[in-house]
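Structure first, then comments.
Values below: every heavy atom of this structure, side chains too, minus hydrogens, waters and symmetry copies.
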Amino acid sequence: MKYRLLIILLAAFTVALQAKKTSNGFAIVIDSASYQQAENEVKRYAESIEADGLKTYLIIDRWFHPDSIKQELKRLYHVKKNPIEGAVLIGDIPIVMVRDAQHLTSAFKMNQKRDWQQSSVASDRFYDDFDLSFDFLRQDSLKPLFFYYSLRPDSKQTIRSDIYTARIKPLEKGKKDKYAQLRDYLTKVVDVKTKEKNNIIDNLSVARGYGYNSESKVAWSGEQLALKEQFPTLFNPESYVKFMDFDSYWPMKPYWMNEILRPDLDIMLFHHHGSNDRQYVNGYKSGSDTNTSIENIKIYLRSKVSSAVKKGKDKEETIAYYTNLLDVPRAWCEEAFDPVLMEKDSVMNASLEISVDDILSISPNARFVMFDACYNGSFYEDEYIAGAYLFNDGQTVVTQANTVNTIQDKWPDKFLGLLDHGLRIGQWGKYTHFLETHILGDPTFRFAKNSAGDFDINDALTIHRNDNRFWRKALASPDVDIQAMALQMLYENNDPGISDLLKKSYFESPSMIVRLQSLMLLSRLNNDAFVEVLAAAATDSYELTKRYALDFIGKNGSEELLPAVARAILNDNTSKRINFKISSAYRMLNLDKLEAELLNQSENRPFYTREMLDNTLKSIRSANQSKKSDIPSISDKSISVSKRASEISRFRNHPASDEADILLSVLADRTDDPELRTATAEALGWYNYSYRKEYIIGQLQQLVSAEPNETVLSEIKKSINRLSGQ
């Protein structure tokens, strides 16, 4: 192994290009073929980065192995003079497909027995978080750019990237060949950075697609209020901010595409569902009139019947099934085979989504685009939405997107206001990413500073990164995102008074951004202050804070928090996403005591109608009955292992604190199925917010010394590290 590594290092080709007046560096990593095809453009790109104050290191990848690239990035990070703060991976740089690390994603929980290409997560956290340790598994035989790695049990189990990274990976199926795309893109980046060096953020648009956040108007309005805190000047004269909901028009697609084309648009924020090659904008046309309702049913039937027959199902049986199921005329189902209607449906469906081909037919101009959607950033695919925006004409130079599915209930705009201070997009991404989240395009791109004072946010996050005195002083900033970042850095630097500071910040700050940041950081501490703030946060004025609070309350499971849940049930019953979080928490709470608390709080409360309360009580009782009947099956060996495993898997999304002991008993039984015990050990690793976390850690530690099965032991150790915040 040492001999092989020596050969690899001798094959490296690293060139340092000196920038002026710089303390930090930046690495450009590119495969040899791409460099040969775009050498002049790469050099001009490097010069544009140097002009912005970063020393560039040009690394030609002749290793073609992720470990060697990572080692070189680590070396450049630790050099005494001009250490790198970030890197960009250009062209065909090996793609790490991460396994056994689903807890580092926001939502991805696919069974890893499925095809590895589908059940792994393409992630550059391998390259930018040096504390994450992996075991190399294999290289894909069909897609040699894919390298599979497993997260080690003795690795850190949380993401805290040392540098920022980005991908510049042209489309395999673009308007031009991939090398022409690369040359054109790098030329575009240099032109935009040169011509628009004084471009401040004064044009921002936000678009929301159907089905996002339960289409909650409360959640939508909350984001608008938060953005006003983060970008106060955008709401002043001579600036422009725009919010476009999916149901403003039908179809909304042409309005979104027109917005993308605006020459003066700085930032476009998309909230919607998606795939690697689609942005989903609208569903069927909404309407209460009879004609619209009938037409929607017909469209639905044509789609279902046609799809079933294409999959090989009998035509007559399919028509009979849907005719009886929905009690509709047979003629409505038979329309599925009408060529005229088939063409009409095809055109209609295309109007409901934005495809890669749609984007390649125009020239997007928003300089930075954020895709808060699943799979839009799948740079490992031959075509992907984020890439279509970049490798195109127009002025779009950088995007943020996800390689797999992503959770809706997250804080997508976290620290976004720091871009108004000239923060590099890569630095912003570094503090907001999950395993699946990536910057695509130039990570050194930044807008001109649009704020008073001499606070340099880029220097703050590099030169002063570990200076707690500096960040304590930054708490006095009038800017809410600087305050939020100051709390972040003090937390990361293990400031001895961080818990008290976060509690104080929550209860005393008038800023919804600062309060939410305080709650999020306290959740990682999971102490008494966290529980105290949780009870208050469940009634916060910011909908997203309430949403997070109720999610944390379920996962914490403390009976002290049941009054807050009951209060939310009674007071926030018109907020769709709050209701969703409450109902999702039922399996994690003591429902007998929650019902008693709810009845107690409602006893002297006037109601126009008790229907809402009665329906809620019915749901609680149903969930309670289901919970009490399901839980015993976990340890019942007369039930099939697959059914028991299915029940155990629920605890990944719903880690019920009071039921942790039954999982521990299964894990401790060395006569039980080893694969089931491994899944149980993994499920216990999701109890990081539980009020019983320390107890669970202690029980797991007692099992370590006596566990003979190496696979089970490895998962136990990983869960201990996860729960310990390692």
Do Ser106 and Thr406 meet the criterion of a side-chain donor-acceptor pair at a distance under 3.5 Å? yes

Quick one: do [X] and [Y] make a salt bridge, cutoff under 4.0 Å?
X	Y	answer
Asp129	Arg160	no
Lys430	Asp128	no
Arg472	Asp495	yes
Asp630	Arg650	yes
Lys414	Asp481	no
Glu559	Lys593	yes
Arg424	Glu85	yes
Asp467	Arg469	no
Asp409	Arg547	yes
Lys113	Glu675	yes

With sequence neighbours left out, write down each residue that passes side chain to side chain contact (heavy atoms under 4.5 Å, CB included) with Lys109, or none if nothing qualifies.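 For Lys109, the residues satisfying side chain to side chain contact (heavy atoms under 4.5 Å, CB included) (neighbours in sequence not counted) are Gln102, Arg652, Asn653, Trp686.
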
Once the angle between the rings of Tyr148 and Trp116 is folded into 0 to 90°, is it parallel (under 30°), tilted (30 to 60°) or perpendicular (over 60°)?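 Answer is perpendicular, since the angle exceeds 60°.
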
Parallel, tilted or perpendicular: ring planes of Phe147 versus Phe136, cut at 30 and 60 degrees: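 The rings of Phe147 and Phe136 sit tilted, inter-plane angle from 30° to 60°.
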
Find out whether the Lys NZ or Arg CZ of Lys70 is both under 6.0 angstrom from the six-membered ring centre of Phe126 and within 45° of the ring's axis.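 Ring-cation test returns yes.
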
Pair Asn624, Asp592 - check side-chain hydrogen bond (donor to acceptor under 3.5 Å, both in side chains), show working. CA-CA 8 Å; Asn624 203 7; Asp592 291 324; 2.8 Å; yes

Verdict with supporting geometry, Ser511 and Glu229, side-chain hydrogen bond (donor to acceptor under 3.5 Å, both in side chains): CA-CA 8 Å; Ser511 164; Glu229 273 198 9; 2.8 Å; yes

Check: His271 ring centroid to Phe371 ring centroid under 6.0 Å: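 Ring-ring flag for His271/Phe371: false, centres at least 6.0 Å apart.
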
Strictly under 6.0 Å, is that where the ring centroids of Phe552 and Phe530 end up? yes

When you compare the side chain of Arg692 with that of Tyr687, does any pair of heavy atoms fall below 4.5 Å? no

Could you check whether any side-chain heavy atom of Asn527 comes within less than 4.5 Å of a side-chain heavy atom of Ser499, counting everything from C-beta outward?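 Yes, side chains in contact.
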
